[in-house]
Student: 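What follows is a structure written as structure tokens; I'll ask about it next.
Positions are given from 1, in the same order as the sequence printed here. One-based numbering, in listed order, for ligands and for the atoms of each.
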Amino acid sequence: MQSGRASNERSLHAYGRDQLQRLWRAIHRSEAPKCVLQVFDALLPVNAVPKGWDSFVSDDHSPYEFSLLLGGAEPEIRVLAEPLPPQDPTTRVTMAHVQACGRATAETLRREFGADLSRFDAVADLFLPKHGARGPFAVWFAASFDAQGSPSFKAYLNPQVHGPHEAPRLVEEMLHRLGFPGAWSTIVRAMPRGPHLDELRFVSLDLAAGHEARVKVYGFHRQGTLHDMVRVAGAVPNAAPELVESFCGMLSGGHGILSERAPASCLAFVGGHATPRTVTSYIPVRAFAGDDAEARVRLVRAMSALGIASAPVESALESLAPRALDAGSGLIAWAGLRTGQAPRVNVYLAPTALGDQVRHRSIAPGPDSDCPSVVIQHCEHAPITAHPLLQRIQRDPHNLRTLALLMLNVRRSITRDFARRLARVVAAVEEDGIRSLLVKQLNDELGDGDPTRLHKDLFERFIIGLMPWLPSPIPDEVLAPGEAFARVQDELYCERSPYEGLGAALIMEIYGKQFDLFVGDQFRRASDPLPPDVLEWLTLHEALEVEHVDEATVLARSIPAGRKSRLAARGARELADAAWAFLDGAYRVCYP
Ligand code: TRP
């Protein structure tokens with residue numbers, strides 16, 4: 001058992017290095033090779049100090065963590081660390097510091113240990129932007145050592161550097177640049193609950209050249225269940241969903257919603273393939289076990305069910321634990337099961353170098369409050385145009401086939417039934433003030449008393465103009481996203497309380513504006529644009545939506561507080577999620 005912590009007299013570096021030496025002896029029964037310690041020195045330099053920087057690597061803000069990979073011929077010891085600038089008692093560590101330090105550490109790993117930075121360099125501008133970076137970290141590095149101490153490296157990057165809603169776009173673009181064009185669709189199918197429930201928090205790259213170098217994407221399943229984890233495993237050809245279920249069940253201790261702390265899944269892609277090679281399913285066992293003694297019991301049981309020896313975990317714990325296992329929780333931070341190939345277990349051991357308490361705040365914002373104007377603000381701030389499908393359309397050369405497939409689905413899900421749905425809400429709300437604002441939108445939609453100006457018919461003309469770019473006949477699966485989104489809207493507008501329909505209508509206006517303006521720009525990119533009468537619906541909407549958005553805010557404010565407001569917020573959130581899922585589906589149709 002170890003004692004004491006890093007302190008003024010004892011640097012983090014010295015403390016961690018000592019731990020690594022003890023861990024090495026415990027696992028390999030020999031002294032840590034020189035090279036292992038040199039790598040540690042590069043990851044956590046002698047003078048590195050996290051002054052004012054709450055590292056997210058560990059619960060107590062220690063900027064490093066050990067882990068073991070078990071189930072192979074020999075256990076692998078690994079170190080994860082956050083690059084930090086050298087000690088300067090006057091300045092606090094900032095995002096700019098850790099970004100610069102991250103780049104410098106990458107360079108050191110290349111120069112001194114032969115790490116390959118080609119893929120890191122190819123995406124660094126996405127994840128280490130000069131301006132506006134936010135979130136709990138910029139870049140971390142991990143080294144894993146074989147039994148001889150020879151290292152391999154990984155870089156972890158933060159897809160939420162521009163905020164959580166930009167994460168899908170960054171991950172999709174990264175996969176593209178690295179030569180994995182089909183991988184994004186797999187991720188969405190595996191983690192379909194949308195960006196705030198299946199939250200993308202990390203990506204990692206093997207800093208190695210060649211076909212076998214992995215690109216990994218980590219999703220955290222907020223309010224998730226074992227079912228969500230099993231579904232991710234289902235996306236990997238040789239994964240073992242039943243092992244994932246039993247392993248995660250044993251560690252979390254049940255089948256309910258894992259709301260104490262989100263479990264996570266990692267999909268590892270290699271060789272440009274759309275299907276992942278492996279999946280790792282992680283349980284933050286410290287949040288469920290009560291104390292480390294119980295966490296250890298659960299882990300040992302789960303490992304023995306897999307036929308993987310747990311003796312190394314026992315020795316590692318003995319070498320690192322600063323206290324009795326039943327005297328606290330958090331030393332065994334996470335346990336993960338990797339399947340897709342022969343099963344491996346990952347165990348993450350907190351160094352508790354700075355303390356033995358949970359100090360970091362959760363990085364993700366909580367659910368929107370129960371007020372529709374908050375949801376509206378959120379949607380203004382996190383626009384639907386951040387969706388990877390729209391980002392890809394913008395990035396790729398102009399392509400009318402893609403736009404036509406998208407608009408065909410918009411017709412199926414929205415324009416075909418929009419007036420009917422909105423009219424239902426108009427009829428059912430109790431406040432005439434709200435009805436007045438809604439009916440103005442409805443009236444615009446219906447051509448202001450001129451049946452030849454029905455927007456639906458103008459939209460039909462638009463679609464007819466796009467026919468040459470559409471498949472004929474149109475296969476059912478092409479319309480599946482539109483069908484699904486239509487069902488959600490029918491339910492929200494027509495079967496729920498009128499205030500849920502109202503909330504949905506508000507978000508339709510916000511997203512509608514963002515979407516129409518976006519689509520307008522895309523159609524105008526054509527070197528040979530479609531004729532004006534085909535584009536009339538679009539031109540009209542670009543103008544109208546702008547007006548309606550301000551009305552949406554006014555409307556939201558006029559909903560009475562309390563029950564009606566809560567219902568409207570609920571409808572708004574559900575519609576926003578469904579719109580996102582609609583574009584997820586359209587992505588698969590456009591880029592099969
Ligand atoms: N400390 C962070 C967390 O608990 C990040 C982290 C460190 C992590 N090691 C991990 C996440 C292992 C998942 C698995 O979320």
Student: Is the closest N or O pair between Phe56 and ligand 1 shorter than 3.5 Å?
Tutor: yes

Student: Can you say whether the rings of Phe40 and Tyr64 are parallel (under 30°), tilted (30 to 60°) or perpendicular (over 60°)?
Tutor: perpendicular

Student: Find all atoms of ligand 1 within a distance of less than 4.0 Å from any non-hydrogen atom belonging to Glu65, and give their numbers and elements.
Tutor: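 Going through ligand 1 atom by atom, the ones under 4.0 Å from Glu65 are 7 (C), 9 (N), 10 (C).
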
Student: According to the interplanar angle, ranging from 0 to 90°, do the rings of His211 and His273 count as parallel (below 30°), tilted (30 to 60°) or perpendicular (above 60°)?
Tutor: perpendicular

Student: Determine whether Val300 and Val313 satisfy the following criterion, side chain to side chain contact (heavy atoms under 4.5 Å, CB included), listing intermediate values before the conclusion.
Tutor: CA-CA 8 Å; Val300 167; Val313 180; 6.0 Å; no

Student: Below the 3.5 angstrom mark, is there an N/O of Arg261, backbone or side chain, next to an N/O of ligand 1?
Tutor: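 It does: an N or O of Arg261 is found under 3.5 Å from an N or O of ligand 1.
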
Student: With sequence neighbours excluded, what pairs up with Trp53 under the side-chain hydrogen bond (donor to acceptor under 3.5 Å, both in side chains) test?
Tutor: Glu82

Student: Say whether Glu82 and ligand 1 are in contact under the criterion: heavy-atom distance to a ligand atom below 4.0 Å.
Tutor: no

Student: Examine Phe220 against ligand 1 and note whether any of their N/O atoms are separated by less than 3.5 Å.
Tutor: no

Student: Does any N/O atom on Tyr348 come nearer than 3.5 Å to any N/O atom on ligand 1?
Tutor: no

Student: Testing the basics here: between Ser265 and His221, what is the closest heavy-atom pair and its distance to 0.1 Å?
Tutor: OG-NE2, 2.7 Å

Student: Does only the side chain of Arg286 get under 4.0 Å from ligand 1, or the backbone, or both, or neither? Count heavy atoms.
Tutor: side chain

Student: Are the aromatic rings of Phe202 and Phe220 close, with centres under 6.0 Å apart?
Tutor: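 Ring centroids of Phe202 and Phe220 are less than 6.0 Å from each other.
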
